[in-house]
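Scroll down for the structure; my scribbles are underneath it.
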Amino acid sequence: MATATHADEHHAGHIKLQYQPGLPIPLGKTIVWLFLSTEIMFFAGLIGTYVVLRFGAPTWPMTHEVHLSEPIGAFNTFVLICSSVSIVLALEAARANKARVAKFFTLITFLLGSVFLGVKAYEYNAKFSHGLYPWSPHSQIYEKANLEYGSAVRQRLKTLTAQYGDQTKDLFNNLSDEQKAQIGELEKKPWSEETQAAYAAISPQIAELKSRSQTCTDLSAELKLEDPTVDLVQLSNKIYPPPDQNTSGLPWEKEEHPGLNEQYPWLKLPFVVPGGNMWASTYFLLTGFHALHVIVGLIVFVILMTMDLNATRAGFLENTGLYWHFVDLVWIFLFPLLYLF
Amino acid sequence: MSENLPTSHGPVVETQDAHGHVAHGQDAHGHDAHGGHAGHSTGIAQYIYVFIALCLLTTLSFLTSFHWWHEYFSVTESRMLMMAVSCTKALLVILFFMHVLWEANWKFVLTIPAMLMSIFLLLMLVPDIGMRLRHASEERKFQAAEPPPEQASPPAAPQPAAEPAS
């Protein structure tokens, strides 16, 4: 009884049908290459957008101005290159049926990828702690030192003062009557080290809030914010000083003349970086999408490490390797474009 | 053994690996005729050479971030060098780590038209986008909200700082 099998070729007259695959590679590999071609399109679009925006912008911040550190970027590049080598060594081991060696190298790749993500997180934190966010209202970047900027600084100080006033009131209401009386006495005195210590003796939180409120008032006066003729560029430089050209840009190097935002991390005053918002958008978009791809790769490595990586699994490992090499490739292009240009 | 088109050497259902062999947990050692490919322990050396080359190229592109670099090379030269280095690194990764060097001729069918199209696309965009800053038209200058910057070089170029030796 003729069944619908390949044996039909012997029954269909003298025609001998041959199976011809489209490509001489397994189906999984073909699909991965097709997927990589879509990823190339994806990143080409993003990188093209960055190039057009960057070179069409009237100004663009320098790397140290936005706390981009080239040595850290180079280190990340090195880490990803090492992880590419380790995944290819894992593949060689799997093909040679050395499952434990393959698993070892897969683990190395996973660890190196995690190091990359860790360094990226450190870099992101360095940006966020300086108020460089890709979106409002977190972002404190202003494009120009104009009236809008000046009023934003004033507004921020007012908001802080009001916020601290409310918080102080809440804390105050939880005190005992005796403590409230003591605070009442202290409030009549002018602000000084002794009064601050006296506040701290009653409630450290109130002391901190009072000290911050006082700093805001002092800064308002010192920065001459109520004076309409104040030099706003100077103001921004005091808050977020332009980088010293001689520094290496490494984030852990403390600057000699820290700005106000660095002296008082809670202050978070707006500052001016021309081109800064466009820079933040493109930088975080590109590196964010790349980091997402790295995370996906790491998930697949975890899945791989639960399997026995012998020669039959070499195909899966190879395909994962192809994806991981692509992630490395994208970073090879992103590193000079973002850090070195 | 030909690896391109499988001859009628067996039923369709057998899985085939990249070399057209049947892979049933077979040790791939003795079967490959491609230099430096699957299974040979000496094939690892090639990967190490590529790794060293990648590290050297990365260091080269990283050198462009130092101040003394800009005393010898202009910004445009630096950027061209960086792109050349990136393309070389990408080529090394693709050819050796992704094993494309050892793939069959289908790789040319896919890559050559794609490369042609991408080069064509780049060339088509150069007049509109690449030369945008050098030849802003009079009308565009008139309509712009602010006067364009005066310098002839692209304003996005980082200024090599003339600082005292530190």
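Just so it is clear, the values below take in all heavy atoms, side chains as well, and ignore hydrogens, waters and symmetry mates.
- Neither the backbone nor the side chain of A/Y339 comes within contact range of chain B; no heavy atom of the residue lies under 4.5 Å from a heavy atom of that chain.
- With values rounded to the nearest 0.5 angstrom, A/L340 atom CG is found 9.5 Å from B/S78 atom OG.
- For A/L89, the part lying under 4.5 angstrom from a heavy atom of chain B is the side chain only.
- Scanning residues 319-327 of chain A against chain B with a 4.5 Å heavy-atom cutoff picks out A/L322, A/H325, A/F326, ordered by number.
- Contacts of residues 56-65 of chain B with chain A at a heavy-atom distance below 4.5 Å involve B/T58, B/S61, B/F62, B/T64, B/S65, listed in sequence order.
- Using a 4.5 Å cut-off on side-chain heavy atoms (C-beta onward), A/F335 and B/S86 make no contact.
- In this structure, A/F75 places its CZ atom where only 12 or fewer heavy-atom neighbours from other residues, nucleotides or ligands lie under 6.0 Å away.
- Under the 4.5 Å side-chain criterion, counting only non-hydrogen atoms from C-beta, A/F333 is not in contact with B/K89.
- Rounded to the nearest 0.5 Å, atoms CG (A/D328) and CG (B/L54) are 7.5 Å apart.
- The interface of residues 108-115 of chain B with chain A, defined by heavy-atom distances below 4.5 Å, is empty.
- Near-neighbour residues of residues 33-48 of chain A relative to chain B, defined by a heavy atom under 4.5 Å from a heavy atom of that chain, comprise A/W33, A/L36.
- Separating the CG atom in B/L92 from the OG atom in A/S84 is a distance of 11.5 Å, to the nearest 0.5 Å.
- The environment of B/L116 atom CG is dense: over 12 non-hydrogen atoms of other residues, nucleotides or ligands sit within 6.0 angstrom.
- Rounding to the nearest 0.5 angstrom, the gap separating the OH atom in B/Y47 from the CD atom in A/E92 is 3.5 Å.
- Of the listed residues (A/L337, A/V85, A/N310), the one with the most heavy-atom contacts under 4.5 Å to chain B is A/V85.
- Note that CG of A/L91 and CE of B/M98 are 12.0 Å apart. Values are rounded to the nearest 0.5 Å.
- Within 6.0 Å of CE in A/M278 there are 12 or fewer heavy atoms belonging to other residues, nucleotides or ligands.
- Closest approach of B/F97 and A/V88 over heavy atoms only: O-CG2, 3.6 Å.
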